[in-house]
**Student:** 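Quick one: structure below, then a few questions.
Values below: every heavy atom of this structure, side chains too, minus hydrogens, waters and symmetry copies.
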Amino acid sequence: MATSTAPAWHSAYPQPRNETPNAMTRRAVLGWLQDGQKPGVDFLLIDLRRTDHEGGTIRGSLNLPAQSLYHSLPTLLSLCQTAGIKSVIFYCGSSRGRGTRAAGWFQDLLDDTKTEGIQSAILLDGVKGWVRAGEEYTSLMDGYDPKPWSEGK
């Protein structure tokens, strides 16, 4: 049986200097949503999943797959500055791989450009943690389908 020796998708990009980005709890993000703060206006939620997003996404998230995100970060920063966005929260399934890497890259960009007033963070435990937290959370998902989550997604 042959094994794949293809390099990981992220090997084409530099390792983030910040490998332990800030983290937002799902309770904090839920509070923002319940208090009427609007994703895309008051903060950004970035869903980094490319092909593994069956089962839904957190309401108001932008889908910017991690595999093509790196070169778009300066544009993302420009959009945040223009719109007055103060927090950018990245997530994937668990926020331990793609989420951590993307938040680290964005923080590196913030540091390199000496940008203040914008926070780069991961959603602690990612979308899987969001779903596991129950109906209070899943009710705030677009396209929520419990089947993929019950199948061990």
**Student:** Quick one: closest heavy-atom pair of Phe90 and Ala103, and the distance?
**Tutor:**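 Closest approach of Phe90 to Ala103: CD1-CA, 3.6 Å.
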
**Student:** CZ/Arg17 to CH2/Trp105 distance, rounded to the nearest 0.5 angstrom?
**Tutor:**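 One finds 13.0 Å between CZ of Arg17 and CH2 of Trp105.
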
**Student:** Do you know the tightest heavy-atom contact between Ala102 and Leu69?
**Tutor:**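 Heavy atoms of Ala102 and Leu69 come nearest at CB-CD2, 3.4 Å.
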
**Student:** To the nearest 0.5 Å, tell me how far Arg96 CZ sits from Asp125 CG.
**Tutor:**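 With rounding to 0.5 Å, CZ (Arg96) is 5.5 Å from CG (Asp125).
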
**Student:** Taking the side chain as everything from C-beta on, heavy atoms only, tell me whether Ile118 gets closer than 4.5 Å to Leu77.
**Tutor:**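 SC-SC contact between Ile118 and Leu77 confirmed.
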
**Student:** Should Leu33 and Pro39 count as side-chain neighbours, where that means a heavy-atom distance under 4.5 Å?
**Tutor:**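 Yes, close enough: below the 4.5 Å cut-off.
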
**Student:** Between Asp42 and Lys86 (salt bridge meaning N to carboxylate O under 4.0 Å), is one present in this structure?
**Tutor:**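 Between Lys86 and Asp42 there is no salt bridge, as every charged N stays at least 4.0 Å from the carboxylate O atoms.
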
**Student:** With the side chain counted from C-beta on, respond yes when Val127 and Trp149 share a heavy-atom pair under 4.5 Å apart, and no when they do not.
**Tutor:**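 Answer yes - side chains close enough.
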
**Student:** Can you name the nearest heavy-atom pair linking Cys80 to Val88, along with the distance?
**Tutor:**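 It is SG-CG2, 3.6 Å.
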
**Student:** Does the side-chain contact (heavy atoms from CB on, under 4.5 Å) test come out yes or no for Val131 and Lys128, once each step is laid out?
**Tutor:** CA-CA 5 Å; Val131 169; Lys128 289 178 182 179; 5.9 Å; no

**Student:** Would you kindly confirm whether Leu123 and Phe43 end up in one hydrophobic cluster when ILVMFWY residues are joined by side chain heavy atoms under 4.5 Å apart?
**Tutor:**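 Yes; tracing contacts between hydrophobic side chains, which count when under 4.5 Å, links both residues.
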
**Student:** Looking at Ser11 and Pro7, would you say the former's side chain and the latter's main chain have a donor-acceptor pair under 3.5 Å?
**Tutor:**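 Not at all, since once roles are kept as given, no pair shorter than 3.5 Å links the two residues.
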
**Student:** Not counting sequence neighbours, which residues clear salt bridge (charged side-chain N to carboxylate O under 4.0 Å, His left out) with Asp35? List them please.
**Tutor:**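 So Asp35 forms no salt bridge (charged side-chain N to carboxylate O under 4.0 Å, His left out) with any residue.
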
**Student:** Taking all atoms of both residues into account, what is the closest heavy-atom pair of Leu48 and Leu64, and its distance?
**Tutor:**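 Heavy atoms only, the tightest pair is CD2-O, 3.3 Å.
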
**Student:** How long is the span from the CD1 atom in Ile58 to the CD1 atom in Ile46, to the nearest 0.5 Å?
**Tutor:**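 Those atoms lie 11.5 Å apart.
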
**Student:** How about Ile85 and Leu79: do any of their side-chain heavy atoms sit closer than 4.5 Å?
**Tutor:**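 No, side chains not in contact.
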
**Student:** Where is the tightest heavy-atom contact between Gly55 and Met141, given as atom of each residue plus distance?
**Tutor:**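 Minimum heavy-atom separation between Gly55 and Met141: O-CE, 3.9 Å.
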
**Student:** Sequence neighbours left out, what pairs pass side chain to side chain donor-acceptor pair (under 3.5 Å) with at least one residue falling in residues 60-82?
**Tutor:**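 For residues 60-82: Ser61-Tyr91.
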
**Student:** Under a 4.0 Å N-O cut-off, is there an ion pair linking Asp47 with Arg98?
**Tutor:**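 Answer for the salt bridge query: no.
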
**Student:** Please report the shortest heavy-atom distance between Ala133 and Arg26, naming the atom on each side.
**Tutor:**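 Answer, listing the atom of Ala133 first, then Arg26: CB-NE, 3.4 Å.
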
**Student:** Just verifying a value: how many Å separate Arg101 CZ and Asn18 CG, rounded to the nearest 0.5 Å?
**Tutor:**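 With rounding to 0.5 Å, CZ (Arg101) is 13.0 Å from CG (Asn18).
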
**Student:** Within a strict 4.5 Å, meaning less than it, do heavy atoms of the Asn22 and Gln119 side chains meet?
**Tutor:**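 Sidechains of Gln119 and Asn22: in contact.
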
**Student:** How long is the span from the CG atom in Leu30 to the CE atom in Met24, to the nearest 0.5 Å?
**Tutor:**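 Those atoms lie 11.0 Å apart.
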
**Student:** Kindly work out whether a path of hydrophobic side-chain contacts (I/L/V/M/F/W/Y, heavy atoms less than 4.5 Å apart) joins Val29 to Leu62.
**Tutor:**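 No, because Val29 and Leu62 fall into different hydrophobic clusters, even though each may have its own neighbours under 4.5 Å.
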
**Student:** Check the hydrophobic clustering (I, L, V, M, F, W, Y; side-chain heavy atoms under 4.5 Å; chains of links allowed) and say if Leu76 and Tyr13 are grouped together.
**Tutor:**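 Cluster IDs for Leu76 and Tyr13 match.
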
**Student:** Going by atom types only, do Asp142 and Thr57 share a side-chain donor-acceptor pair under 3.5 Å?
**Tutor:**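 Asp142 vs Thr57: no donor-acceptor pair found between side chains.
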
**Student:** Mind checking the CH2-CG spacing from Trp32 to Leu45? Nearest 0.5 Å is all I need.
**Tutor:**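 Here the interatomic distance stands at 8.5 Å.
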
**Student:** Is a salt bridge present between Arg27 and Glu136, judged by a nitrogen-to-oxygen distance below 4.0 Å?
**Tutor:**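 Answer for the salt bridge query: yes.
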
